[in-house]
Amino acid sequence: MSEQFKDALRFALIQFFIITVCVMFVISLVNTVFGNFGSIISADFPWIMMLTGLLTSLPSFLLYFRDEPTKKQFYFRAALHFCCIEAIVLFEGHLLGWFGNISGCLIVASMVLGVYLLVWFFSALVQKSTAKNINDALKEFNSDE
């Protein structure tokens, strides 16, 4: 298995965990603020959350570049990435009966946007921390010479 493929899988796995946690956070926040609409969470809920996290982490491969992308390439892929995630979640939501009308669909779509923004935020924090650790290691390595 190539190192690039391992990096892509590692990235997708990290995205899976970040997405799953952010989805649970947004759902909990919406239920706290707006009430749980009288629904009781089923025993299938954790499995559905993990399925959603898995399905929505797959488009993360769109954001993996072999070479440094141009801004235009990056923004195009980011927009495509978001559209894929919206489509996946709305299709899954339709199949699982998460909404029954257009207003429910819009609520789910806005929740996806909230999760998407949170995932970007936490992903940026992880990447910034990784870059800092690499830079610190390089500085230490260069000072030892």
Side-chain angles (χ1 to χ4, degrees), residues 1-37 39-141:
M1 193 179 312
S2 75
E3 195 62 35
Q4 288 178 334
F5 186 69
K6 286 180 184 178
D7 287 342
L9 283 177
R10 191 176 302 118
F11 179 73
L13 184 64
I14 290 169
Q15 291 299 301
F16 165 74
F17 287 116
I18 292 172
I19 290 166
T20 302
V21 169
C22 288
V23 166
M24 291 188 311
F25 174 78
V26 169
I27 288 173
S28 298
L29 180 66
V30 168
N31 280 334
T32 300
V33 173
F34 298 108
N36 66 0
F37 307 106
S39 65
I40 297 172
I41 295 176
S42 73
D44 296 337
F45 181 73
W47 296 109
I48 291 169
M49 296 316 314
M50 287 188 281
L51 174 66
T52 304
L54 175 66
L55 292 175
T56 55
S57 68
L58 295 177
S60 296
F61 288 107
L62 289 170
L63 299 175
Y64 187 79
F65 295 88
R66 282 188 193 195
D67 300 319
E68 188 71 26
T70 64
K71 284 186 178 184
K72 184 177 180 180
Q73 289 171 327
F74 178 78
Y75 290 132
F76 175 76
R77 284 203 196 176
L80 182 61
H81 180 250
F82 177 73
C83 291
C84 287
I85 288 174
E86 277 284 7
I88 289 168
V89 173
L90 292 177
F91 183 70
E92 181 185 13
H94 174 71
L95 291 178
L96 296 175
W98 293 347
F99 49 85
N101 54 32
I102 192 70
S103 64
C105 180
L106 292 174
I107 290 170
V108 171
S110 64
M111 289 171 68
V112 169
L113 177 62
V115 168
Y116 193 80
L117 294 174
L118 281 173
V119 168
W120 271 99
F121 175 74
F122 288 117
S123 295
L125 286 178
V126 167
Q127 290 172 359
K128 183 177 179 179
S129 174
T130 301
K132 182 184 179 316
N133 290 340
I134 290 170
N135 287 333
D136 290 345
L138 284 171
K139 284 178 187 176
E140 184 177 316
F141 177 77

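Heavy-atom basis, side chains included; hydrogens, waters and symmetry copies ignored. Note that the structure is predicted; figures quoted are calculated from it, not measured.
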Assess the residue pair Phe17 and Val21 against the criterion (side-chain contact (heavy atoms from CB on, under 4.5 Å)); give the C-alpha distance rounded to whole Å, side-chain angles, the decisive distance to 0.1 Å, and a yes or no. CA-CA 6 Å; Phe17 287 116; Val21 169; 5.6 Å; no
Rounded distance (nearest 0.5 Å) linking atom CD1 of Ile19 with atom OG1 of Thr56: 4.0 Å
For the backbone of Val126 and the side chain of Ser129, can you confirm whether one donor and one acceptor N or O come within less than 3.5 Å of each other? no
Roughly how far, to the nearest 0.5 Å, is OG1 of Thr52 from CZ of Phe16? 9.5 Å
Taking the side chain as every heavy atom from C-beta outward, state whether Ile48 and Glu92 have any atom pair closer than 4.5 Å. yes
Run the numbers on Trp98 and Val89 for side-chain contact (heavy atoms from CB on, under 4.5 Å), then give the verdict. CA-CA 10 Å; Trp98 293 347; Val89 173; 3.9 Å; yes
Could you measure the distance from the SG atom of Cys84 to the CZ atom of Arg77? Nearest 0.5 Å is fine. 12.0 Å
Anything under 30° is parallel, anything over 60° is perpendicular, the rest tilted; go ahead and classify Phe74 against Trp120. perpendicular
Nearest-0.5 Å distance, CD of residue Gln127 to CD1 of residue Ile14: 9.0 Å
Is Ser110 reaching over with its side chain to a backbone N or O of Ile107, donor-acceptor style, under 3.5 angstrom? yes
For the CG atom of Leu95 and the CG atom of Leu90, what is their distance to the nearest 0.5 Å? 11.0 Å
Hey, could you give me the OG1/CG distance between Thr20 and Leu54, rounded to the nearest 0.5 Å? 8.5 Å
Parallel, tilted or perpendicular: ring planes of Tyr116 versus His81, cut at 30 and 60 degrees: tilted
